[in-house]
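What follows is a short report on a single structure.
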There are 2 protein chains.
Amino acid sequence: MTIGTESLPAAFAALGDDTRWELLQRLGTAPASATTLAAEQPISRQAVARHLEVLREAGLVETEVHGREVRYRAIGSRLSALARDLDTIAQGWERRLQTIKAAAEG
Amino acid sequence: MTIGTESLPAAFAALGDDTRWELLQRLGTAPASATTLAAEQPISRQAVARHLEVLREAGLVETEVHGREVRYRAIGSRLSALARDLDTIAQGWERRLQTIKAAAEG
DNA sequence: TTGATGTGCAACACAATCGTTGCACTAGAA
DNA sequence: TTCTAGTGCAACGATTGTGTTGCACATCAA
């Protein structure tokens, strides 16, 4: 599955914060709750929860309710889809810019 | 070439702005100057120039001086490198989280 | 029930970002 | 030289984002 071009900047904005990136990497090792993550980070639980909400809206993490606990889990397929889209776009750039360069030299 | 994990959030932050994303896509079709790009966008030349500077610092575009004109060009290889890094990370997630899931079920 | 734990929501302060306008400088054209 | 076109730098205002604290609510255990 590919990702709509319109939503790509939104996904990147979610990834473009140091704290969020650390939280994501952490969730890539094992699921955890906001409280657990906050205990491992130098910021408050509410701040962590806000970051997780951003990641969830971007489709990068999903939640799983366990009793009164909400566990967050990283979604690898979403990151893979992002990577695929990026690669496709990059190839398009190369092709067009090479054509222009060749035309300028020819 | 891969990109240092430390600089990944910085690159994504550069990509995570709608205006910058549009500028990048435009530069993916053909090189252009800040003035030219500003004429195609609803924002001032100075605003465009600032965005281009952010993209340049992130390594996503490069400059080429032509007389008194500075032309910007998208760097496809950098975007490809980002895509590769993302895919590698995503695969790592899948592997670890699958292991945990299997252990929980077993 | 009682107490402790995990969340969610709201209000606030602080910093960073994005866009603007204005001015000065430089390089090419007349 | 004189005029025009393209940049760069600085100051300002408005908006957004990140973090905080405080409080209320829900859930599990004793």
Side-chain angles (χ1 to χ4, degrees), chain A residues 6-27 29-74 100 104, chain B residues 6-27 29-75 104:
Chain A
E6 331 78 40
S7 67
L8 274 176
F12 291 138
L15 293 172
D17 178 86
D18 290 329
T19 302
R20 269 197 295 273
W21 184 252
E22 284 188 27
L23 290 173
L24 250 187
Q25 286 190 299
R26 165 62 178 81
L27 290 177
T29 64
S33 68
T35 301
T36 301
L37 293 171
E40 307 169 355
Q41 294 286 123
I43 60 178
S44 68
R45 170 189 63 84
Q46 288 88 337
V48 169
R50 282 192 74 84
H51 283 303
L52 292 174
E53 179 60 20
V54 173
L55 291 172
R56 200 185 59 78
E57 287 176 356
L60 291 163
V61 302
E62 60 190 355
T63 58
E64 181 185 353
V65 178
H66 267 252
R68 64 183 159 188
E69 185 178 311
V70 178
R71 273 182 215 159
Y72 291 80
R73 161 194 317 276
I100 290 177
Chain B
E6 331 78 42
S7 66
L8 273 176
F12 291 135
L15 292 173
D17 178 87
D18 290 329
T19 302
R20 270 197 294 274
W21 185 250
E22 284 189 27
L23 290 173
L24 250 187
Q25 285 190 298
R26 164 63 177 81
L27 289 176
T29 64
S33 68
T35 300
T36 301
L37 293 172
E40 306 168 355
Q41 294 286 124
I43 60 177
S44 67
R45 172 189 60 86
Q46 288 89 334
V48 169
R50 281 190 74 87
H51 282 304
L52 292 173
E53 178 61 19
V54 173
L55 291 172
R56 200 185 59 77
E57 287 176 357
L60 291 162
V61 302
E62 60 190 354
T63 58
E64 179 186 353
V65 178
H66 267 251
R68 64 184 158 185
E69 185 178 312
V70 179
R71 272 182 216 161
Y72 291 81
R73 161 193 316 274
I75 304 180

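Protein chains get the first letters and strands the later ones, always in sequence-line order, with residue 1 at the start of each. Note that the structure is predicted; figures quoted are calculated from it, not measured.
- The residue among A/Thr19 and A/Gly67 whose nearest nucleotide of DNA chain D is located toward the 5' end is A/Thr19.
- Between A/Leu37 and A/Leu27 there is a side-chain heavy-atom pair separated by less than 4.5 Å.
- Within a heavy-atom distance below 4.0 Å of DNA chain D, no residue of residues 48-62 of chain B is found.
- Within 3.5 Å, no donor on the side chain of A/Arg45 pairs with an acceptor on the base of D/dG19, nor the reverse.
- Distances shown here put a side-chain N or O of A/Ser33 below 4.0 Å from the OP1 or OP2 atom of C/dT7.
- Put simply, the side chain of A/Arg45 never gets that close to the backbone of A/Ala38: no donor and acceptor are under 3.5 Å apart.
- A straight line from CG of B/Leu37 to C1' of D/dA5 spans 16 Å, rounded to a whole angstrom.
- For B/Arg68 against D/dT7, a side-chain-to-base donor-acceptor contact under 3.5 Å is absent.
- A/Ile43 places its CD1 atom 16 Å from the P atom of D/dG17, with the value rounded to the nearest Å.
- Contact record, B/Ala74 with B/Val61: CA-CG1, 4.2 Å, taken as the closest heavy-atom pair.
- At the heavy-atom level, B/Arg71 lies nowhere under 4.0 Å from the strands shown.
- Between the P atom of C/dC18 and the CD atom of B/Gln41 lies a distance of 14 Å, rounded to the nearest Å.
- Across all strands, A/Thr35 comes closer than 4.0 Å only to sugar-phosphate atoms, never to a base (heavy-atom distances).
- One interatomic measurement links the two molecules: CD of B/Glu22 to P of C/dC18, which rounds to 14 Å at whole-angstrom precision.
- Atom P of nucleotide C/dG8 and atom OH of A/Tyr72 are separated by 5 Å, given to the nearest angstrom.
- Between A/Arg50 and A/Glu53 there is no salt bridge, since none of the side-chain N atoms of the basic residue sits less than 4.0 Å from a carboxylate O of the acidic one.
- Using a distance-only test at 3.5 Å, with no hydrogens or angles considered, no donor-acceptor pair links the side chain of B/Ser7 to the main chain of B/Ala10.
- Comparing C/dG8, D/dT18, C/dG6 against the side chain of A/Glu69 picks out C/dG6 as the nearest.
- The base of D/dG22 is paired with the side chain of A/Gln46 by a donor and an acceptor separated by under 3.5 Å.
- At the phosphate of C/dT20, OP1 or OP2 sits under 4.0 Å from a side-chain N or O atom of B/Ser44.
- Although no hydrogens or angles enter the test, the distance criterion places a donor-acceptor pair under 3.5 Å between the side chain of B/Ser33 and the main chain of B/Thr36.
- In this structure, A/His51 and A/Ile43 have side chains that are in contact, with non-hydrogen atoms separated by less than 4.5 Å.
- In terms of position on DNA chain D, the residue among A/His66 and B/Ala34 whose nearest nucleotide sits closer to the 5' end is B/Ala34.
- Rounded to an integer number of Å, the gap from CG of B/Asp17 to C1' of D/dG17 is 13 Å.
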